[in-house]
Amino acid sequence: MDRDQPMANVATMEQLVSDSYSRSRFTMMVLGVFAGTALLLAAVGIYGVVAYTVAQRTNEIGIRVAMGAQRRDVLRLILGQGSRLIFLGVGMESGRVCFSPG
């Protein structure tokens, strides 16, 4: 090259590589934010469903405790029912995604 000629768009290789990945980086950041929001909404929904079922079964839980059920037995009952709901929902969603038409 002629050293007397003016040069345009001078950049280091690190700057060029960073610029080439900037769009992908932004897309992944937005995707991460949406994934985090979805995870938060799912956790709030699961909490709501479990809280609702516990509220419906408050009398039953009280009777179980009065009859001598241990705290861990009641906790196992509630968490077992909640995990069944979670696994059922995940299974149904997985089946819907895998077998959806189109």
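Bear in mind the structure is a predicted one, so any value in this text is a computation, not a measurement.
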Exercise for the section: Return yes when atom CZ of R23 has more than 12 non-hydrogen atoms of other residues, nucleotides or ligands closer than 6.0 Å, and no otherwise. Expected result: no

Problem - Residue E14 excluded, over 12 heavy atoms near CD under 6.0 Å - result: no

Fill in the blank from the handout: In this structure, CG of D73 is separated from CD1 of I61 (nearest 0.5 Å) by 12.5 Å

Exercise for the section: Supply the atom-to-atom distance R76 CZ to Q70 CD, rounded to the nearest 0.5 angstrom. Expected result: 10.5 Å

Handout entry: Whether Q15 side chain and T12 backbone form a donor-acceptor pair below 3.5 Å
Key = yes

Handout entry: CG on L85 to CD1 on I46, rounded to 0.5 Å
Key = 9.5 Å

Exercise for the section: Apply side-chain contact (heavy atoms from CB on, under 4.5 Å) to the pair Q81 and L77, showing each step before the final yes or no. Expected result: CA-CA 6 Å; Q81 183 181 9; L77 174 76; 5.6 Å; no

Practice task
Answer yes or no: is there a donor N or O on one side and an acceptor on the other, between the side chain of T37 and the main chain of V33, under 3.5 Å?
Solution key: yes

Practice task
Identify the two heavy atoms, one from V50 and one from G82, that lie closest to each other, and give their separation to 0.1 Å.
Solution key: CG2-CA, 4.0 Å

Problem - In one Ile/Leu/Val/Met/Phe/Trp/Tyr side-chain cluster, 4.5 Å: I78, V49 - result: no

Completion exercise
d(R84 CZ, L79 CG) to nearest 0.5 Å is 11.0 Å

Handout entry: Least distance between heavy atoms, S22 atom then D19 atom
Key = OG-O, 2.9 Å

Exercise for the section: Flag the pair L31 / M28 as yes when at least one side-chain heavy-atom distance between them is below 4.5 Å, and no otherwise. Expected result: yes

Handout entry: Hphob cluster co-occupancy, Y47 + L39, side-chain heavy atoms under 4.5 angstrom
Key = no

Exercise for the section: Using the rule that two of Ile, Leu, Val, Met, Phe, Trp, Tyr join whenever any of their side-chain heavy atoms come within less than 4.5 Å, decide whether L41 and I86 are in one cluster. Expected result: no

